[in-house]
Peer 1: 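Have a look at the structure that comes next, please.
All values below were derived from every heavy atom in this structure, side-chain atoms included, with hydrogens, water molecules and symmetry-related copies excluded.
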Amino acid sequence: MGTVSKYRFDDFEADLRAAELRRGGNRLKLQLQPFQVLVALLERPKEVVTREELRQRLWPEDTFVDFDHGLNTAMVKLRDVLGDSASNPKFIETIAKRGYRFLGTAEVISDQPALSTTTPAMTTASRPLSAEPALQPANASSEADSGLPRVSRSSARVLFALTQVMYLIFYLSALFRWENTYQASFNTWGRAGTLAFVVYLATSLVGVAVRLYLISAIAMDYHLLGEKYRILTPALFALDMLWALAPLLIADRIGLGFALGACAALVYMPFAQRTLMKMMQRQR
């Protein structure tokens, strides 16, 4: 039998030599460690591959790394690329406290022309590492941030949702009493009050839509939320920084000192949201 060069499943193809995952001939963006996890699962379809087996395969014994975090991060990235969900899996099933199992049917492509026809993947628990992509594991720091707080995923989801509700209240308050917002803009920004009012009014309308999207995605546990949030991050950061100045609009009522303190707290919120998103994705 020839050396395995590719695995095919559904409309995906995993090229072991190039360490690439393709769909319909198009290369998908997938880092090495998630790819190695996929290969390990494809070698033993419908069998449980334990977390310890994956640890031995991905990280040498002399490598010091937060393995649980690194594997969880790799699995999140793999599921994002496959369009899979932990709660309703099509390809990869999580076996609680044990490992993972590939649910589909994998086909093997061999290097030898005579054996190039696809055959069901066989159990290769003792397969040598030479059958894997001949690449060294990436530095753990590129896959995982071991400095993240260790709390339950449900707690991180609740905190993230509450943050979105807080911003939603800001936007709705500005829209509901728009005449007060108009007056406060002039009191705070003087001649630039009209421009400030237009900016706050426009961004509050956009913000309502964005926050409702994030709240609904959290409620439905959308498996691609992490990827979508990364795309939205630059625009969200600009939006949040703009609204971090909003307490100055009511400084005449709450005092300048308290308004500045609220501004400082709101400046921190984009970074807090990013951390919460990482915590949710880490434990997916």
Peer 1: Please enumerate all residues that pass side chain to side chain donor-acceptor pair (under 3.5 Å) together with R274, with sequence neighbours excluded.
Peer 2: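 If we apply the side chain to side chain donor-acceptor pair (under 3.5 Å) test to R274, skipping adjacent residues, there are no hits.
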Peer 1: Judged by atom type as modelled, is there a donor-acceptor pair below 3.5 Å linking the side chain of R157 to the main-chain atoms of I218?
Peer 2: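 Yes, R157 side chain to I218 backbone: donor-acceptor pair under 3.5 Å.
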Peer 1: Nearest heavy-atom pair of P34 and L78: which atoms, and what distance?
Peer 2: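 Nearest heavy atoms, P34 then L78: O-CD2, 3.9 Å.
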Peer 1: Show the numbers, then the answer: is there a side-chain contact (heavy atoms from CB on, under 4.5 Å) between F102 and E47?
Peer 2: CA-CA 7 Å; F102 184 77; E47 292 187 23; over 6 Å; no
Peer 1: Between V4 and I109, is there a side-chain heavy-atom distance shorter than 4.5 Å?
Peer 2: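 Side chain of I109 against side chain of V4, heavy atoms only: no contact under 4.5 Å found.
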Peer 1: Within a strict 4.5 Å, meaning less than it, do heavy atoms of the F170 and L266 side chains meet?
Peer 2: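 Heavy-atom side-chain distance check passes, below 4.5 Å.
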Peer 1: Answer yes if I95 and V49 sit in the same cluster of Ile, Leu, Val, Met, Phe, Trp and Tyr residues linked by side chain heavy atoms under 4.5 Å apart, and no otherwise.
Peer 2: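 Cluster IDs for I95 and V49 differ.
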Peer 1: Quick check: do L225 and L214 have side-chain heavy atoms less than 4.5 Å from each other?
Peer 2: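 The answer is yes, as the side chains (C-beta and beyond) meet within the 4.5 Å cut-off.
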Peer 1: Might you point out which heavy atoms bring Y100 and L41 nearest each other, and give the distance in Å?
Peer 2: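 Shortest heavy-atom separation between Y100 and L41 comes out as O-CD2, 3.8 Å.
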Peer 1: Determine whether Q31 and K77 make a side-chain contact, defined as any pair of heavy atoms from C-beta on separated by less than 4.5 Å.
Peer 2: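 Yes; the side chains approach each other to less than 4.5 Å.
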Peer 1: Decide yes or no for L38 and Q33: does some side-chain heavy atom of the first lie under 4.5 Å from some side-chain heavy atom of the second?
Peer 2: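 Side-chain contact under 4.5 Å: no.
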Peer 1: Please identify each residue that fulfils side-chain contact (heavy atoms from CB on, under 4.5 Å) with L205, with sequence neighbours left out.
Peer 2: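 L205: side-chain contact (heavy atoms from CB on, under 4.5 Å) contacts with L175.
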Peer 1: State the CZ-NZ distance between R230 and K278, to the nearest 0.5 angstrom.
Peer 2: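 Spacing of CZ (R230) from NZ (K278) equals 10.0 Å.
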Peer 1: Going by the rule side-chain contact (heavy atoms from CB on, under 4.5 Å), which residues pair with Q273 if we only count those two or more places apart in sequence or in a different chain?
Peer 2: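 In terms of side-chain contact (heavy atoms from CB on, under 4.5 Å), with neighbours along the sequence ignored, Q273 is linked to F160, T163, Q164, Y167, R211, Y229, D240, M269.
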Peer 1: Rounded at 0.5 Å granularity, tell me how far CG in L159 sits from OG1 in T275.
Peer 2: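 Taking CG in L159 and OG1 in T275, the distance rounds to 11.5 Å.
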Peer 1: Salt bridge check, E53 against R55: does any charged N sit closer than 4.0 Å to a carboxylate O?
Peer 2: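 Looking at R55 and E53, the cut-off is not met.
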Peer 1: Which heavy atom of V81 sits nearest to which heavy atom of K29, and what is that distance?
Peer 2: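 Minimum heavy-atom separation between V81 and K29: CG2-O, 3.4 Å.
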Peer 1: Can you name the nearest heavy-atom pair linking Q36 to L58, along with the distance?
Peer 2: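 Nearest heavy atoms, Q36 then L58: OE1-CG, 3.8 Å.
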Peer 1: Can you confirm whether the side chains of E52 and Q56 place a donor and an acceptor under 3.5 Å from each other?
Peer 2: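 Yes - a donor-acceptor pair under 3.5 Å links their side chains.
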Peer 1: For E43 and R57, run salt bridge (charged side-chain N to carboxylate O under 4.0 Å, His left out): C-alpha distance rounded to whole Å, both residues' side-chain angles, the deciding distance at 0.1 Å, then the answer.
Peer 2: CA-CA 13 Å; E43 288 176 352; R57 183 161 182 155; 2.8 Å; yes
Peer 1: Please assess S185 against T194 for the test side-chain contact (heavy atoms from CB on, under 4.5 Å), listing each intermediate value before the final yes or no.
Peer 2: CA-CA 7 Å; S185 298; T194 300; over 6 Å; no
Peer 1: So, T181 side chain and A174 main chain: donor-acceptor pair closer than 3.5 Å or not?
Peer 2: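 Yes, because the side chain of T181 sits within donor-acceptor range (under 3.5 Å) of the backbone of A174.
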Peer 1: Any pair with a residue in residues 165-175 that passes salt bridge (Lys or Arg N to Asp or Glu O under 4.0 Å), sequence neighbours left out, goes on the list, sorted by first then second residue, please.
Peer 2: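 Not a single pair qualifies under salt bridge (Lys or Arg N to Asp or Glu O under 4.0 Å).
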Peer 1: Could you tell me which residues satisfy ring-ring contact (aromatic ring centres under 6.0 Å, His included) with F186, sequence neighbours excluded, listed by chain and number?
Peer 2: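 If we apply the ring-ring contact (aromatic ring centres under 6.0 Å, His included) test to F186, skipping adjacent residues, the hits are Y182.
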Peer 1: Would the distance check show the side chain of D84 and the main-chain N or O of P89 forming a donor-acceptor pair, the cut-off being under 3.5 Å?
Peer 2: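 No.
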Peer 1: Where do L42 and A106 come nearest, in terms of heavy atoms and distance?
Peer 2: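 So the two residues come closest at O-CB, 3.8 Å.
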Peer 1: Quick one: list whatever passes ring-ring contact (aromatic ring centres under 6.0 Å, His included) with W189, sequence neighbours left out.
Peer 2: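 Partners of W189 by the ring-ring contact (aromatic ring centres under 6.0 Å, His included) criterion come out as none, since no residue qualifies.
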Peer 1: Applying ring-ring contact (aromatic ring centres under 6.0 Å, His included), name anything that partners Y171, two or more places apart in sequence or on another chain.
Peer 2: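 Applying ring-ring contact (aromatic ring centres under 6.0 Å, His included) to Y171 gives W243.
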Peer 1: Hydrophobic cluster membership, with links at side-chain heavy-atom distances under 4.5 Å among I/L/V/M/F/W/Y: are L201 and L242 in one?
Peer 2: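 Yes, it is one cluster - the side chains of L201 and L242 are joined through contacts under 4.5 Å.
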Peer 1: Report yes or no: do M166 and I250 belong to one cluster of Ile/Leu/Val/Met/Phe/Trp/Tyr joined by side chain heavy-atom distances under 4.5 Å?
Peer 2: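 No, separate clusters.
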Peer 1: Closest approach of L224 and D80, non-hydrogen atoms and distance?
Peer 2: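 Closest approach of L224 to D80: CD2-O, 3.4 Å.
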Peer 1: For residues R101 and I92, determine if any side-chain heavy atom of one lies less than 4.5 Å from a side-chain heavy atom of the other.
Peer 2: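 Of all side-chain heavy-atom pairs linking I92 with R101, none is under 4.5 Å.
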Peer 1: How many angstroms lie between CZ in R27 and CD in E20, if you round to the nearest 0.5 Å?
Peer 2: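 Those atoms lie 4.0 Å apart.
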Peer 1: Just so I know, are the side chains of M241 and P270 near enough to count as touching, which here means a heavy-atom distance under 4.5 Å?
Peer 2: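 Yes, at least one pair of side-chain atoms sits under 4.5 Å.
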Peer 1: Could you give the distance from CZ (R23) to CG (D11), rounded to the nearest 0.5 Å?
Peer 2: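 Answer for the CZ-CG pair, R23 versus D11, is 4.5 Å.
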Peer 1: What I'd like to find out is whether the side chain of K6 reaches to under 4.5 Å of the side chain of L16, using heavy atoms alone.
Peer 2: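 The answer is no; the side chains never approach within 4.5 Å.
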Peer 1: Quick one: CD1 on I215 to CE on M220, what's the gap to the nearest 0.5 Å?
Peer 2: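 Spacing of CD1 (I215) from CE (M220) equals 11.5 Å.
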Peer 1: Determine whether a donor-acceptor pair (N or O, by modelled atom type, separation under 3.5 Å) exists between the side chain of T94 and the backbone of A86.
Peer 2: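 No, T94 side chain to A86 backbone: no donor-acceptor pair under 3.5 Å.
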Peer 1: Side chain of T188, backbone of L248: donor and acceptor closer than 3.5 Å?
Peer 2: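 A pair under 3.5 Å: yes.
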Peer 1: Taking atom NZ of K97 and atom CZ of R51, what is their separation to the nearest 0.5 Å?
Peer 2: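 K97 atom NZ to R51 atom CZ measures 12.0 Å (nearest 0.5 Å).
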Peer 1: With L162, which residues qualify under side-chain contact (heavy atoms from CB on, under 4.5 Å), at least two apart?
Peer 2: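 Checked L162 against side-chain contact (heavy atoms from CB on, under 4.5 Å); matches are V158.
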Peer 1: Go through the structure and list residues passing salt bridge (Lys or Arg N to Asp or Glu O under 4.0 Å) with K90, not counting sequence neighbours.
Peer 2: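 Residues passing salt bridge (Lys or Arg N to Asp or Glu O under 4.0 Å) with K90: D10.
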Peer 1: Is there a path of hydrophobic side-chain contacts, each under 4.5 Å between heavy atoms of I/L/V/M/F/W/Y residues, joining L232 to M279?
Peer 2: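 Yes, same cluster.
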Peer 1: May I ask you to list the residues sharing a hydrophobic cluster with L103, side-chain cutoff 4.5 Å, ordered by chain and number?
Peer 2: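 Answer for L103: none, a lone residue.
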Peer 1: Return a table of donor-acceptor pairs under 3.5 angstrom between the side chains of residues 252-264 and protein atoms on other chains or two or more places apart.
Peer 2:
none

Peer 1: Mind checking ring-ring contact (aromatic ring centres under 6.0 Å, His included) for F91 and listing every partner two or more places apart, or none if nothing turns up?
Peer 2: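 Partners of F91 under the ring-ring contact (aromatic ring centres under 6.0 Å, His included) test: F9, F12.
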